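Note that this is a predicted model, so its numbers are computed, not measured.
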Amino acid sequence: MRDHLRRFLAFCLWLLTFLGLAAIAFIVGYSIDNRSGHTGWEPLIALFLYLPLALVGMVCFALRRRFAGIAAVSISAIVVGLVGATLVITLDRTNQLVQYERWLQRGMPAPK
């Protein structure tokens, strides 16, 4: 039973890690392509993917002795979660990818 749970945990972590990597690639590509600095969707919503991913990775890493073989995927999940969260926050704070209403609240110019 423990082996099935270990495999399930590893599968879920790998799946979420690859989803996080795909989201990072999309956000980076979108921010490069979007020269205006603002967008209609909320980039900070991605934190609902990245922060739980990092947290679950940390919990699974703490359980690595109980479930042998999940240490590598746990570290991968932690790294992707933290890199994704850092990317989204950095893009927001540097005004490179900001939700439009917040863009206007920050005093940025409205398009003509």
If hydrophobic clusters are built by linking Ile, Leu, Val, Met, Phe, Trp and Tyr wherever their side-chain heavy atoms come under 4.5 Å apart, do [X] and [Y] end up in the same one?
X   : Y   : answer
F11 : V59 : no
L15 : I78 : no
W41 : L87 : yes
L63 : L55 : no
F26 : I89 : yes

Within a strict 4.5 Å, meaning less than it, do heavy atoms of the [X] and [Y] side chains meet?
X   : Y   : result
F48 : I45 : yes
P43 : L91 : no
Y30 : I27 : no
L16 : V80 : no
M58 : F61 : no
N34 : T39 : yes

From CG (D92) to CH2 (W103), nearest 0.5 Å: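 If I round to the nearest 0.5 Å, the distance is 11.0 Å.
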side-chain contact (heavy atoms from CB on, under 4.5 Å) with Y50: which of V83, L82, T86, I24?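 Of the listed residues V83, L82, T86, I24, the side-chain contact (heavy atoms from CB on, under 4.5 Å) partner of Y50 is I24.
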Please indicate whether F8 has more than 12 foreign heavy atoms, meaning atoms of other residues, nucleotides or ligands, lying under 6.0 Å from its CZ.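 Result for CZ/F8: open.
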State whether the number of non-hydrogen atoms from other residues, nucleotides or ligands found under 6.0 Å of R106 atom CZ is greater than 12.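 More than 12 within 6.0 Å, yes.
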Using every non-hydrogen atom in the two residues, find where [X] and [Y] come nearest and quote the distance to one decimal.
X   : Y   : value
L53 : G81 : CD2-N, 3.9 Å
A85 : L51 : CB-CD2, 3.9 Å
G57 : S74 : O-CB, 3.4 Å
A10 : I70 : CB-CG2, 4.3 Å
S31 : L97 : CB-CD2, 4.2 Å
A46 : V88 : CB-CG2, 3.9 Å

Parallel, tilted or perpendicular: which fits the ring planes of Y100 and H38, with parallel below 30° and perpendicular above 60°?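 Taking H38 first and then Y100, their aromatic rings stand perpendicular (interplane angle over 60°).
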